[in-house]
> 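Take a look at the following structure, please.
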Amino acid sequence: MNFKLLLKEKIKKSLKDNFGLETDLIPITYPEVKEFGDYATTVALANSKILKKSPKEIAEKIASDLSKEKIFSKIDIAGPGYINFYLSDKILEEGIKLSISNENYGKNDLLKDKNIILEYVSANPTGPLHIGHGRWAAIGDSIANLLSLCGAKVHREFYINDAGNQINLLRESVEAAKNGKPIPENGYHGSYIEEVAKMDGDPVQNLLEMQKKTLAKFRVNFDNYFSELTLHSNGEVKKTIEFLKKSGHCYELDGALWFKTTEFGDDKDRVLIKSDGEYTYFAVDIAYHKNKIERGFNTIINILGADHHGYVGRITAAIKIFAKEMNKEIESKILIGQLVSLFRNGEPVRMSKRTGEMITLEEVIDEIGSDASRYFLVMRKADTPLDFDIELAKKQTEENPVFYVQYAHARISGVLRNIHNKQIVTDSIIDSPEARDIAIRIIRYPEICLDAAINMEPHRITQYLEDLSAAFHRFYNQHRIITEDENTTSRRLSIILAVKNILKNGLKIIGVEAPEKM
RNA sequence: GCGCCUGUAGCUCAGCUGGAUAGAGCAACAGCCUUCUAAGCUGUGGGCCACAGGUUCGACUCCUGUCAGGCGCACCA
């Protein structure tokens, strides 16, 4: 049950019935002060001008309509026209009951019409993954989990750039290393080149396998690894360009073939075929995106590093053009994640693939663990640059948010081991402010999941989990769970079971373990 | 020069798409373990939300400009 949405619907209806106003802009907030209720809306203030009525008058109508709903114990009109809603204890108790019995609490089907292809990481198979790839891996995986939690069909894809100059350079570098010759000036110089040179088989495949191994260790799994080479070998690049030529989106200039992306918002037209007859990387990439559309996806999401943000305009334009020419409704979204700078004891660590000094993602995982790495990479909004200090992440171990949340889960598990009678009682469980605080957070969990999914912001989940954990730790310090009175024990048991279930669920979204013991 | 992102407590960051008294965590200080995990809890101090204008009943949030930092501006991939 999503009370935020329910409330929105009810208010929407009330506005329509009373004032004939149709609007979807109904802001619902979680008040920071509990004297302002569990939910609040400023809808009366926001619409007073349009309706030419005082905010109070509007608020009173809405409050009077909604007071018929038995989910609220109280509705206040406060200040200039805020409406504050208080959920009844009964509803809170039902929420707790549901969150215990339902394994998939938080799940909904609001995005069920979306058939999404989510592309992320897509590292060049020319070296090991680094911490930046780790950020996209962690964020991408969490976003995919969130979207499918909301009913979307999500296909996770990794695009392998296994064609082009950088691959030739890689092969030359490995070949040189094999024969004990100096590596070409503009080749790859990392120490991993020596390693790959010792392996049998194709260096590109070997490097790809190394990347896959790292991702597996990171618990990031893709549905498909899509090879760029296949686009060349089955002629899709050529077909794509023919398609664009035929539909009139191309022109020739200075011996090159240009694509009129400016018609759809790009700031510059782009070259598809260079004057030497070779395809550009972009030409191949749009063939790939055409392929995505042909596979039937109606939503295309890409996660890119900030160093590629210049790419956004042209690729969005290309998708728009294809959608138009192919007569399809395609929603596309390119998420730009800011870069990660790796530090050790406050000293920056070079990450260049060519220096050989870089620290790989694998090394970071080995050093601080998958859980802490994933949590740290996901806990910040993607559009802020991230300074990741390895020593700090390790040193902080005791005051780390990830351990704080995991500890709450382990603590509950510990208590559960000591309870012999696992009888649950969900009546009258809201018997203290601490219990109510937990209950209201549990009620909000599905709402948080939906908001995090729609905005593609998994950091909202970590934020929420820390808040819920704090509420639990407060409860735990204030109230003994195992008591002489069986009924009291059963009631408190239901609360901690609910918390445990949600912690486990929430951690799963961001790919972090929920330990039984610590 | 142009474009994108960022600027909030000493530090690292939230701030729910314009609302009520701007919140956490670290760090600092003062308390809480004979009972379920103290990796926890309670309290105190700490703010010109980069700066200057503007829109609004109301701005950390929207607009304009300035300053500072990051990243881009290829017939490279």
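All values below were derived from every heavy atom in this structure, side-chain atoms included, with hydrogens, water molecules and symmetry-related copies excluded. First the proteins, then the strands, lettered A, B, ... as listed; each starts at 1.
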> Would you say a side-chain N or O of A:Lys268 is under 4.0 Å from OP1 or OP2 of B:rC75?
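Looking at the OP1 and OP2 atoms of B:rC75, one of them is under 4.0 Å from a side-chain N or O of A:Lys268.
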> Can a side chain N or O of A:Lys381 be found less than 4.0 Å away from OP1 or OP2 on B:rC13?
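Looking at the OP1 and OP2 atoms of B:rC13, neither is under 4.0 Å from any side-chain N or O of A:Lys381.
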> Could you tell me whether a side-chain N or O of A:Glu486 sits under 3.5 Å from a main-chain N or O of A:Asn421, the two making a donor and an acceptor?
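It does not hold such a pair.
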> Taking 5.5 Å and 30° as the limits, would you call A:Tyr407 and the base of B:rG40 a stacked pair?
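A:Tyr407 vs B:rG40: stacking no.
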> What does A:Gly414 touch in the nucleic acid at a heavy-atom separation under 4.0 angstrom: a base, only the sugar-phosphate, or nothing?
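Counting heavy atoms under 4.0 Å across all strands, the contact made by A:Gly414 includes a base.
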> Within the modelled atom types, does a donor on one side and an acceptor on the other bring the side chain of A:Asn84 and the base of B:rA20 under 3.5 Å apart?
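Per atom types, the contact qualifies.
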> Provide, to the nearest angstrom, the distance between the CG atom belonging to A:Leu25 and the P atom belonging to B:rC62.
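Those two atoms, CG and P, are 15 Å apart.
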> Looking at A:Glu513 and A:Arg374, is there a salt bridge between them, counting it only when a charged N and a carboxylate O are closer than 4.0 Å?
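Result for this pair is no, no salt bridge flagged.
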> Decide, applying a 5.5 Å centre-distance limit and a 30° plane-angle limit (both strict), whether A:Tyr82 stacks on B:rA20.
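Yes, A:Tyr82 stacks on the base of B:rA20, since the ring centres sit under 5.5 Å apart and the planes are within 30°.
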> Syn versus anti for B:rC73, judged by chi lying within 90° of 0?
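Because its glycosidic torsion lies more than 90° from 0, B:rC73 adopts the anti conformation.
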> Describe the nucleic acid contact of A:Asn161 in one word from base, sugar-phosphate, nothing, applying a heavy-atom distance below 4.0 Å.
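Contact class for A:Asn161: none.
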> Where the side chain of A:Gln211 meets the backbone of A:Gly127, is there a donor-acceptor pair that is under 3.5 Å apart?
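Looks like yes, one N/O pair under 3.5 Å.
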> Using Watson-Crick or G-U wobble geometry with both distances below 3.5 Å, tell me the partner of B:rC29, or none.
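Check on B:rC29: paired to B:rG43, both distances under 3.5 Å.
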> Taking the six-membered ring of A:Tyr39, is the NZ or CZ of A:Lys8 close enough (under 6.0 Å from the centre) and on axis enough (within 45°)?
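Geometry flag: not set, cation outside 6.0 Å or 45°.
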> I'd like the P distance from B:rC11 over to B:rA27, given in whole Å.
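Those two atoms are separated by 15 Å.
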> By the 4.0 Å heavy-atom rule, please label A:His309 as base, sugar-phosphate, or nothing.
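Counting heavy atoms under 4.0 Å across all strands, the contact made by A:His309 includes a base.
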> Counting only side-chain N and O atoms of A:Arg417, is one of them less than 4.0 Å from OP1 or OP2 of B:rU37?
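For A:Arg417, the contact criterion (side-chain N or O under 4.0 Å from OP1 or OP2 of B:rU37) is not met.
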> Check this one for me: any side-chain N or O of A:His473 less than 4.0 Å away from OP1 or OP2 of B:rC36?
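So the side chain of A:His473 is outside the cut-off, no N or O lying under 4.0 Å from OP1 or OP2 of B:rC36.
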> Determine which nucleotide pairs with B:rC67, using a 3.5 Å limit on both distances of a Watson-Crick or G-U wobble pair.
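Check on B:rC67: paired to B:rG7, both distances under 3.5 Å.
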> A:Thr384 near the nucleic acid: base, sugar-phosphate alone, or nothing, with a heavy-atom cut-off under 4.0 Å?
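Sugar-phosphate only.
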> Using the purine O4'-C1'-N9-C4 or pyrimidine O4'-C1'-N1-C2 torsion, is B:rU17 syn (within 90° of 0) or anti?
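That one's syn.
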> Looking across every strand, which nucleic acid part, if any, lies under 4.0 Å from A:Glu516 by heavy atom: base, sugar-phosphate, or nothing?
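Base, at least one base atom sits under 4.0 Å.
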> Name the nucleic acid region contacted by A:Leu339, choosing base, sugar-phosphate or nothing; use a 4.0 angstrom heavy-atom cut-off, strictly under.
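Touches sugar-phosphate only.
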> Under 4.0 angstrom, heavy atoms only, what part of the nucleic acid is A:Arg474 near: base, sugar-phosphate, or nothing?
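It contacts sugar-phosphate atoms only.
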> Can you see whether A:Asp431 engages A:His479 through a side-chain donor-acceptor pair at a distance of less than 3.5 angstrom?
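No - no donor-acceptor pair under 3.5 Å links their side chains.
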> Hey, does the side-chain of A:Thr29 have a donor or acceptor N/O within less than 3.5 Å of a partner on the base of B:rC16?
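Flag unset: no donor-acceptor pair detected.
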